[in-house]
Amino acid sequence: MVQKPENTLNDLDAKTWVKATKSWFIVNPRSRSREQLGHPAKFPEELVKRFVTYFTKKDGWVFDPFAGVASTLIACREAGRNAVGIELNKEFVTIGTKALVDVDGSGNQTLIQGDANNARELIKEHFNDHLPSFDYVITSPPYWNMLRKSRGGNESVHKQRHENGLKQYYSNSENDLGNIENYEEYIDRVAEILNRLKDLLSEKAYLTVIVQNMRDVDGILKPIAWDLARELSKVYDLRQEMIWCQDNKKLGCWGYPTTYVSNVHHHYCIILQKRDDE
Ligand SMILES: C[S@@+](CC[C@H](N)C(=O)[O-])C[C@H]1O[C@@H](n2cnc3c(N)ncnc32)[C@H](O)[C@@H]1O
């Protein structure tokens, strides 16, 4: 009898595995709590769950260096994965830590306040010198300094958040990657942080970086996803991109009746893998 090969990646059956490999999918975020709305760019827990159940087994270790209000950690708790997140802004750490308390699930999830540039030191300090080996990274960095720029008309999210008294950007810290003015410097600094995580990862670990290409105020597209993929592929093997679509977002009337301006309702999920040691 031919032996079935062992599933070394996840706990999925063959049918679920194959379904999960389709290169685009729709996830419409569940509604956020009032506290979570305090973060201007949270990603949905359902999205993270989809990826962590594909790229890890139960009790695996997941890392998110730009953890915001702990969406990755919440999803990991629900999915029974251990997780560590780092977030620069104390306010978001407080919101995320509180939200985590009410989540049913299992595993050990920790949100650490600090700069992702110091990820190794922060994690080491938290775990009393014992560094977990991470099986997977899922994260979404700031999309350059786009939160600071209002690019739509009256209906823009930026203006609506302003009117509702909600935060429109992350922080004023000079370590906040969302405050870097120069685009090339932004790409370099995000890539440097993510490339340095290589040593924290277990053999053949995967990474998923969720990001959007963004139209600047002058109408020129900044291809953040493609530029990051190029920089990260200097250290990791670039495996694929997946497209996360939302189909419940309101259409904005941006360029009518003179100019083509797209309603961007998709994000790139760049999939990379730790390269075998050369
Ligand atoms: C796109 S958001 C991530 C949101 C997160 N996925 C969530 O669902 O809550 C990017 C986050 O990176 C944080 N950030 C910016 N620079 C950072 C740095 N140097 N170290 C750690 N976090 C940083 C921002 O405060 C922001 O919360």
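Indexing begins at 1, ligand by ligand and atom by atom, following the structure's order.
Any N or O atom pair closer than 3.5 Å counts here, and Phe92 shares no such pair with ligand 1. Between Asn175 and ligand 1, at least one pair of N/O atoms sits closer than 3.5 Å. Among the atoms of Ala116, some N or O lies under 3.5 angstrom from an N or O of ligand 1. For ligand 1, the polar-atom distance check against Tyr170 finds no nitrogen or oxygen pair separated by under 3.5 Å. Every N/O-N/O distance between Ala41 and ligand 1 stays at or above 3.5 Å.
In the model, Asp135 has a side-chain atom that pairs as donor or acceptor with a side-chain atom of Ser202 under 3.5 Å. Under 3.5 Å, the side chains of Tyr169 and Asn145 contain no donor-acceptor pair of N or O atoms.
Nearest protein heavy-atom contact of atom 11 (C) of ligand 1 is Glu87 OE1, 3.7 Å. With respect to atom 12 (O) of ligand 1, the closest heavy atom belonging to the protein is Phe66 CB, 3.5 Å. Scanning the protein for heavy atoms near atom 9 (O) of ligand 1, the closest one is Val69 N, 2.9 Å. When hydrogens are left out, the protein atom nearest atom 15 (C) of ligand 1 is Asp176 OD1, 3.3 Å; that is the closest non-hydrogen contact. Counting only heavy atoms of the protein, atom 16 (N) of ligand 1 lies nearest to Leu177 N, 3.1 Å. Here the heavy atom of the protein found nearest to atom 22 (N) of ligand 1 is Leu88 N, 3.3 Å.
Comment: Arg30 engages Glu46 in a salt bridge, judged by a side-chain N to carboxylate O separation of less than 4.0 angstrom. For Lys274 and Glu203, the salt-bridge test fails: no basic side-chain N is under 4.0 Å from an acidic carboxylate O.
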Could you pull out every donor-acceptor pair under 3.5 Å between side chains of residues 185-194 and any protein atom, sequence neighbours left out?
residue : atom : partner : partner atom : Å
Glu185  : OE2  : Arg189  : NH1          : 3.0
Tyr186  : OH   : Pro142  : O            : 2.5
Tyr186  : OH   : Trp144  : N            : 3.2
Glu192  : OE2  : Arg196  : NH2          : 3.2

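Comparing heavy-atom distances from atom 7 (C) of ligand 1 across Ser71, Pro44, Pro40, Ala70 singles out Ser71 as nearest. The heavy atom nearest to atom 5 (C) of ligand 1, out of those in Ser140, Gly114, Ser171, Ala67, is found in Ala67.
Of all atoms in ligand 1, listed by their number and element, those nearer than 4.0 Å to a heavy atom of Asp115 are 18 (C), 19 (N), 20 (N). Of all the atoms in ligand 1, the ones that sit under 4.0 Å from a non-hydrogen atom of Pro142 are 10 (C), 12 (O), 15 (C). Listed by number with element, the atoms of ligand 1 under 4.0 angstrom from any heavy atom of Pro65 are 21 (C), 22 (N).
Of the candidates Tyr236, Tyr206, Phe55, Gln273 forms a side chain to side chain contact (heavy atoms under 4.5 Å, CB included) with just one, namely Tyr206.
Taking the six-membered ring where tryptophan is involved, the planes of Tyr170 and His39 are tilted, since the angle between them lies from 30° to 60°.
Residues Leu88 and Asn175 meet the side-chain proximity criterion, which asks for heavy atoms closer than 4.5 Å.
Between Phe92 and Leu111, the shortest heavy-atom contact is O-CD2, 4.4 Å.
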message: Walk me through whether Trp17 and Tyr54 qualify under ring-ring contact (aromatic ring centres under 6.0 Å, His included).
response: CA-CA 7 Å; Trp17 172 304; Tyr54 185 83; 5.2 Å; yes
